[in-house]
**Q** 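Okay, here's the structure, questions in a sec.
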Amino acid sequence: MALRSRHGFYRRHGGTRLTLTPAELDVLGGIAAAMGQLIETDEPQDTDPLAELVGIDDEAEVPADPALLRLFPDAYPGDEEAASEFRRFTERGLRQLKAHRVGRLLSLVVEMAEQIDEDGDDATAQVAADDAEVLLGALNDMRLVLGSRLGIVADDQDVGADWAEGDPRHQQFDVYQWLTWLQSTLLETLHG
């Protein structure tokens with residue numbers, strides 16, 4: 001796909017804008033919806049009202065899914081008791097924060113998708129200053145999950161060298177790289 005100079009996140013008239021193709025909006029929306037489902041948590045029915053009020057979980061287990069563990073890592077890897085206690089006090093709030101971020105990204109995608117006409121032109125949205133950091137967090141979380149699913153543990157890793165030619169992970173890696181690019185365009189607008 002040929003990218004135009006005004007594509008991804010960019011600055012215009014002192015503000016941040018996002019321009020994506022209809023296909024990119026579909027991919028981003030699909031990933032954001034899947035992320036929302038991944039981090040969604042079922043609230044226990046009989047929680048302590050005080051614990052509910054301050055966001056403490058009676059028990060917070062280490063996620064079995066490596067992607068969730070990447071999103072919600074142990075704060076004290078060498079101390080299981082301290083890690084468990086820290087998780088009890090922080091995981092619910094962290095899940096809510098991540099859900100808010102991905103929800104805002106999904107709302108932006110829906111807003112942009114409504115602009116697309118039968119010609120399939122690109123969609124553009126103005127990004128509020130306070131949303132930019134929220135979107136940056138959502139993109140980072142999506143990259144962490146996809147990277148975990150692909151086994152990416154280092155920036156200099158030779159990803160895909162041992163994958164067969166038709167392996168679907170090649171396409172997933174393309175999406176990972178696209179998310180990385182999208183995140184970098186947003187970073188440039190924030191710090192450029």
Side-chain angles (χ1 to χ4, degrees), residues 9 18 20 22-77 80-114 116 123 125 127-128 130-153 168-169 171-183 186-187:
F9 289 95
L18 172 62
L20 296 174
E24 290 170 328
L25 280 172
D26 284 346
V27 170
L28 191 58
I31 296 170
M35 274 293 296
Q37 291 174 350
L38 181 67
I39 60 179
E40 196 173 82
T41 182
D42 294 327
E43 295 293 330
Q45 300 301 320
D46 55 347
T47 58
D48 174 357
L50 180 59
E52 178 77 23
L53 181 67
V54 294
I56 301 172
D57 291 316
D58 290 335
E59 292 183 31
E61 297 178 11
V62 176
D65 181 343
L68 278 175
L69 186 57
R70 186 78 171 103
L71 285 178
F72 307 106
D74 274 336
Y76 303 99
E80 192 174 312
E81 186 177 331
S84 176
E85 193 67 7
F86 186 82
R87 188 175 293 281
R88 276 186 59 230
F89 285 95
T90 61
E91 186 168 321
R92 181 184 303 193
L94 192 53
R95 279 184 185 271
Q96 290 170 344
L97 172 66
K98 291 178 182 299
H100 167 74
R101 288 174 177 168
V102 77
R104 182 60 199 118
L105 179 61
L106 197 51
S107 295
L108 182 65
V109 167
V110 168
E111 173 188 321
M112 292 175 72
E114 291 172 353
I116 297 174
V127 177
D130 55 341
D131 276 345
E133 293 287 337
V134 170
L135 299 177
L136 189 62
L139 290 169
N140 188 59
D141 288 344
M142 292 188 308
R143 286 185 63 252
L144 286 174
V145 167
L146 193 50
S148 176
R149 298 274 190 248
L150 292 169
I152 298 172
V153 293
R169 290 178 292 182
Q171 291 176 333
Q172 293 169 355
F173 184 60
D174 288 344
V175 172
Y176 175 85
Q177 290 180 303
W178 177 71
L179 286 173
T180 301
W181 169 80
L182 196 57
Q183 184 181 28
L186 181 52
L187 278 169

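Position 1 is the first residue of the sequence, and the numbers go up from there.
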**Q** Is there a donor-acceptor pair under 3.5 Å between the side chain of S107 and the backbone N or O of G103?
**A**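 A pair under 3.5 Å: yes.
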**Q** Nearest 0.5 Å please: distance from the CE atom of M35 over to the CD1 atom of I39.
**A** 5.0 Å
**Q** Using a 3.5 Å cut-off and no angle test, enumerate the donor-acceptor pairs between side-chain atoms of residues 67-74 and protein atoms at least two apart in sequence or in another chain.
**A**
residue: D74; atom: OD1; partner: R87; partner atom: NH2; Å: 2.7

**Q** For E111, enumerate each residue passing the salt bridge (Lys or Arg N to Asp or Glu O under 4.0 Å) test, keeping only those at least two apart in sequence or located in another chain.
**A**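 Result, salt bridge (Lys or Arg N to Asp or Glu O under 4.0 Å) vs E111: none returned.
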**Q** Can you sort out the partners of D26 under side-chain hydrogen bond (donor to acceptor under 3.5 Å, both in side chains), two or more places apart, ordered by chain and number?
**A** none
**Q** Check the pair L182 / E24 against side-chain contact (heavy atoms from CB on, under 4.5 Å), numbers first and verdict last.
**A** CA-CA 11 Å; L182 196 57; E24 290 170 328; over 6 Å; no
**Q** Suppose we screen for side-chain hydrogen bond (donor to acceptor under 3.5 Å, both in side chains). Which residues come up paired with T180, at least two apart in sequence or across chains?
**A**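 Partners of T180 under the side-chain hydrogen bond (donor to acceptor under 3.5 Å, both in side chains) test: R143.
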**Q** Give me the atom names and distance for the closest heavy-atom approach of L108 to A125.
**A**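 Nearest heavy atoms, L108 then A125: CD1-CB, 3.6 Å.
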**Q** A side-chain contact here means heavy atoms from C-beta on lying under 4.5 Å apart; do E80 and V62 qualify?
**A** no
**Q** For A32 and L105, work out which heavy atoms get closest and say how close.
**A** CB-CD2, 4.3 Å
**Q** How long is the gap from CG on L146 to CH2 on W178, to the nearest 0.5 Å?
**A**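 Between atom CG of L146 and atom CH2 of W178 there are 11.5 Å.
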**Q** Verify the neighbour count for atom CZ of F173: are there more than 12 heavy atoms of other residues, nucleotides or ligands below 6.0 Å?
**A**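 Yes - once you tally the heavy atoms of other residues, nucleotides and ligands closer than 6.0 Å, there are more than 12.
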**Q** Heavy atoms, side chains only, cut-off 4.5 Å: are V175 and Q172 in contact?
**A** no
**Q** Where is the tightest heavy-atom contact between Y76 and A83, given as atom of each residue plus distance?
**A** O-CB, 3.5 Å
**Q** If you take all heavy atoms of L25 and A123, which pair is closest and at what distance?
**A**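 It is CD1-CB, 3.8 Å.
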**Q** How many angstroms lie between atom OH of Y176 and atom CD1 of I152, to the nearest 0.5 angstrom?
**A**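 The distance works out to 4.5 Å.
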**Q** Under 3.5 Å, side-chain donor or acceptor atoms of residues 133-141 against the rest of the protein: list the pairs with distances, not counting sequence neighbours.
**A**
residue: N140; atom: OD1; partner: Q183; partner atom: NE2; Å: 3.4
residue: D141; atom: OD1; partner: K98; partner atom: NZ; Å: 2.9
residue: D141; atom: OD2; partner: K98; partner atom: NZ; Å: 3.3

**Q** Who pairs with D65 by salt bridge (Lys or Arg N to Asp or Glu O under 4.0 Å), at least two apart in sequence or on another chain?
**A** R149
**Q** First locate atom CG of L38, then atom CD1 of I31, and finally report the distance between them rounded to the nearest 0.5 Å.
**A** 12.5 Å
